[in-house]
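I have placed the structure first, in the form of structure tokens, so that the comments after it can refer back to it.
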Amino acid sequence: MRRVAWWVVLVLLGGACGVGNGAAVGPTAAPNAGPASPTAPPSAAGPTGEPPAVVVRAGGTELTLDPWTACWGAVCYDGQPPEVLPDIGRAPEVLVEFPVPDWEFTATVQPAEQDCGRRQTHSLAPLGNNIHRLVPLGPADDYDVLLFGSGAGGDVLVSFRWTTPTDGVMPVPTAVASILADHDGALDSYGVELPISNLATTPDDVTGEVTVTASDGAAHTFPLNRQDFDCSEGSIYLTAPTEEGLAAAELGSAPFTYEVRLELDGTTYVGTGVWPDGVDPECAPCVPLSFTPPLPALAAPAVP
């Protein structure tokens, strides 16, 4: 079964931003294309036919959304969201229903028709009976919403527009480092990547370096290079040549400590993480980083 990776979601939602470092970003359909033909016959061991629709409700409005990218059993297809998104209207919350038990949903929201607007992702709360609740994220605004659902049988992507009447959960900056990897039990590196999202603003001047230290104290330090992979507000994307990750893999044995020093518009931030102990299974082999001082975040709205 294929899973839609985080970088595919970035490209599908913010495709106009482009990819600056030539990194592979997976298959995408031509602009304005509909779902492609199934890539494999249905499997007798799993779901067959087309995936069910996702139903979203808010107030008295209900939208039935057919997935535009999905895997369902052995059948996978990639497409593009509709040119004109279905609009759920103005509502304090949205209920999402999918007729398969134990699925999980996340929502990625971006200001409507802003290719480089701030992008926020949040897990939906399950309410039981295959229903999930989406609450406002960030400042009140018109948002394009991408829903990603996954569970037994596959995964689905659907999109719609939503106007939030009130401010919601404010985004918190996140940074993850992908340097080392476990390749069938052998220490390896698939490349060096460090995406950072939801800073208070997009910094103009960015420099950085990372030090990888093995359990016996052997260390390797190398610079990070800013790329134009992600143009969304408050986001930066840093990389280094794969050779640097491979050099780190030769240092010694785990655990390995990552120390990232960033200078953003003249202020220095130091982030740390541990591989493999701190790996996030949702984006393995990435390791979330904790920064001192904390990365600059949007201020919470003032209470009237």
Side-chain angles (χ1 to χ4, degrees), residues 6-7 9-10 13-14 16-21 106-112 114-123 135-146 164 166-179 192-212 221-240 257-275 278-280 282-283 286-304:
W6 67 268
W7 38 258
V9 174
L10 289 180
L13 188 64
C17 301
V19 179
N21 68 339
T106 60
T108 299
V109 304
Q110 189 170 27
Q114 294 185 29
D115 292 330
C116 291
R118 183 178 298 276
R119 197 161 42 231
Q120 303 167 68
T121 299
H122 194 70
S123 297
V135 297
L137 305 175
D141 205 344
D142 297 331
Y143 286 102
D144 291 343
V145 181
L146 183 148
T164 58
T166 58
D167 294 334
V169 178
M170 301 305 287
V172 175
T174 59
V176 297
S178 296
I179 303 173
V192 178
E193 298 176 311
L194 200 159
I196 301 173
S197 62
N198 280 314
L199 300 169
T201 59
T202 304
D204 294 320
D205 298 319
V206 178
T207 59
E209 69 174 24
V210 57
T211 298
V212 180
T221 300
F222 52 91
L224 295 166
N225 306 305
R226 186 178 189 176
Q227 306 290 343
D228 294 327
F229 180 82
D230 184 6
C231 69
S232 64
E233 171 97 19
S235 296
I236 55 177
Y237 184 76
L238 305 172
T239 66
T257 299
Y258 298 166
E259 181 181 274
V260 175
R261 297 183 65 86
L262 295 177
E263 188 167 308
L264 308 179
D265 288 338
T267 301
T268 300
Y269 302 87
V270 178
T272 57
V274 178
W275 186 93
V279 166
D280 181 349
E282 293 296 322
C283 63
C286 80
V287 173
L289 301 176
S290 299
F291 277 86
T292 303
L295 294 170
L298 283 177
V303 178

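Values below: every heavy atom of this structure, side chains too, minus hydrogens, waters and symmetry copies.
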Expected list for residues 196-207: side-chain donor-acceptor pairs under 3.5 angstrom, two or more places apart:
| unit_1 | atom_1 | unit_2 | atom_2 | d |
| --- | --- | --- | --- | --- |
| S197 | OG | T174 | OG1 | 2.9 |
| N198 | OD1 | R118 | NH1 | 3.3 |
| N198 | ND2 | R119 | O | 3.4 |
| T202 | OG1 | G234 | N | 2.7 |

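- In terms of heavy atoms, P296 sits closest to P173 at O-CG, 3.5 Å.
- With sequence neighbours excluded, the residues forming a side-chain contact (heavy atoms from CB on, under 4.5 Å) with S123 are T106, listed by chain and number.
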List the atom pairs, donor and acceptor, that lie under 3.5 Å between side-chain atoms in residues 268-275 and the rest of the protein, sequence neighbours left out.
| unit_1 | atom_1 | unit_2 | atom_2 | d |
| --- | --- | --- | --- | --- |
| W275 | NE1 | L180 | O | 3.3 |

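- Contacts of T211 classified as side-chain hydrogen bond (donor to acceptor under 3.5 Å, both in side chains), with partners at least two apart in sequence or in another chain: T221.
- Within the 4.5 Å cutoff, the side chain of V287 has no heavy atoms near those of the I179 side chain.
- Residues satisfying the side-chain contact (heavy atoms from CB on, under 4.5 Å) test with P294, not counting sequence neighbours, are none.
- Taking 4.5 Å as the limit, some side-chain heavy atom of L194 sits within range of a side-chain heavy atom of L289.
- Counting only heavy atoms from C-beta outward, the side chains of L262 and L238 approach each other to under 4.5 Å.
- Residues meeting the ring pair (Phe, Tyr, Trp, His ring centres under 6.0 Å) test with Y258, sequence neighbours left out: none.
- Taking CG of D141 as the start and CD of Q110 as the end, the distance is 11.0 Å to the nearest 0.5 Å.
- Under the side-chain contact (heavy atoms from CB on, under 4.5 Å) criterion, A112 pairs with D142, D144, R161, not counting sequence neighbours.
- Residues satisfying the side-chain contact (heavy atoms from CB on, under 4.5 Å) criterion with P139, sequence neighbours excluded, are Y143, D167, M170.
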